[in-house]
Amino acid sequence: MRGDRVEIVVDTGGGVRVYDVVASRAGRRVEITSGRGVVEVTEVTRSGTPVRTARFMTGRVVALVEHPAGGQPTEHTP
């Protein structure tokens, strides 16, 4: 849904860095998957085609925070 956003906080060794993946158009959504030491945050279309993907090492991810469109943020632990 347009407006969905996932905020990823990553440890860089000397601090933290924040990344955002946003559903930029109507009909798109943001999905989170994790496995084999990697967290993937993907913006996908209605048909499931990935538009862009961000990959992070699980050991470096400090927090994943979902900001649903029009809703309260929820937190995931990788």
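Computed over heavy atoms, backbone and side chain alike; hydrogens, waters and symmetry mates excluded.
Scanning both residues, V10 and I8, for their nearest heavy atoms gives CG2-CG2, 3.8 Å. Considering every non-hydrogen atom in both V21 and A54, the closest pair reads CG2-CB, 4.1 Å.
Residues passing the salt bridge (charged side-chain N to carboxylate O under 4.0 Å, His left out) test with R36, sequence neighbours excluded: none. In this view, T45 and S47 satisfy the side chain to side chain donor-acceptor pair (under 3.5 Å) rule, not counting sequence neighbours. Checked against side chain to side chain donor-acceptor pair (under 3.5 Å), R60 has no partners two or more places apart in sequence or in another chain.
Note that CD of E40 is 11.5 Å distant from CD1 of I32, once rounded to the nearest 0.5 Å. Note that the CD atom of E66 and the CD atom of E7 stand 11.5 Å from one another [nearest 0.5 Å]. The distance from the OG1 atom of T42 to the CZ atom of R28 is 12.5 Å, given to the nearest 0.5 Å.
V51 and V22 fall into different hydrophobic clusters, where Ile, Leu, Val, Met, Phe, Trp and Tyr side chains are chained together by heavy-atom contacts under 4.5 Å. With hydrophobic clusters built from ILVMFWY side chains whose heavy atoms lie under 4.5 angstrom apart, V38 does not share a cluster with M57.
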Which is it for D4 and R29 under the salt bridge (charged side-chain N to carboxylate O under 4.0 Å, His left out) test, yes or no, and what are the steps along the way? CA-CA 6 Å; D4 282 353; R29 64 188 183 278; over 6 Å; no
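Side-chain atoms of S34 do not come within 3.5 Å of backbone N or O of V39 as any donor-acceptor pair. A donor-acceptor distance shorter than 3.5 angstrom exists from the side chain of E43 to the backbone of S24, with no hydrogens or angles considered.
Within a 6.0 Å radius of CZ in R17, no more than 12 heavy atoms belonging to other residues, nucleotides or ligands are found.
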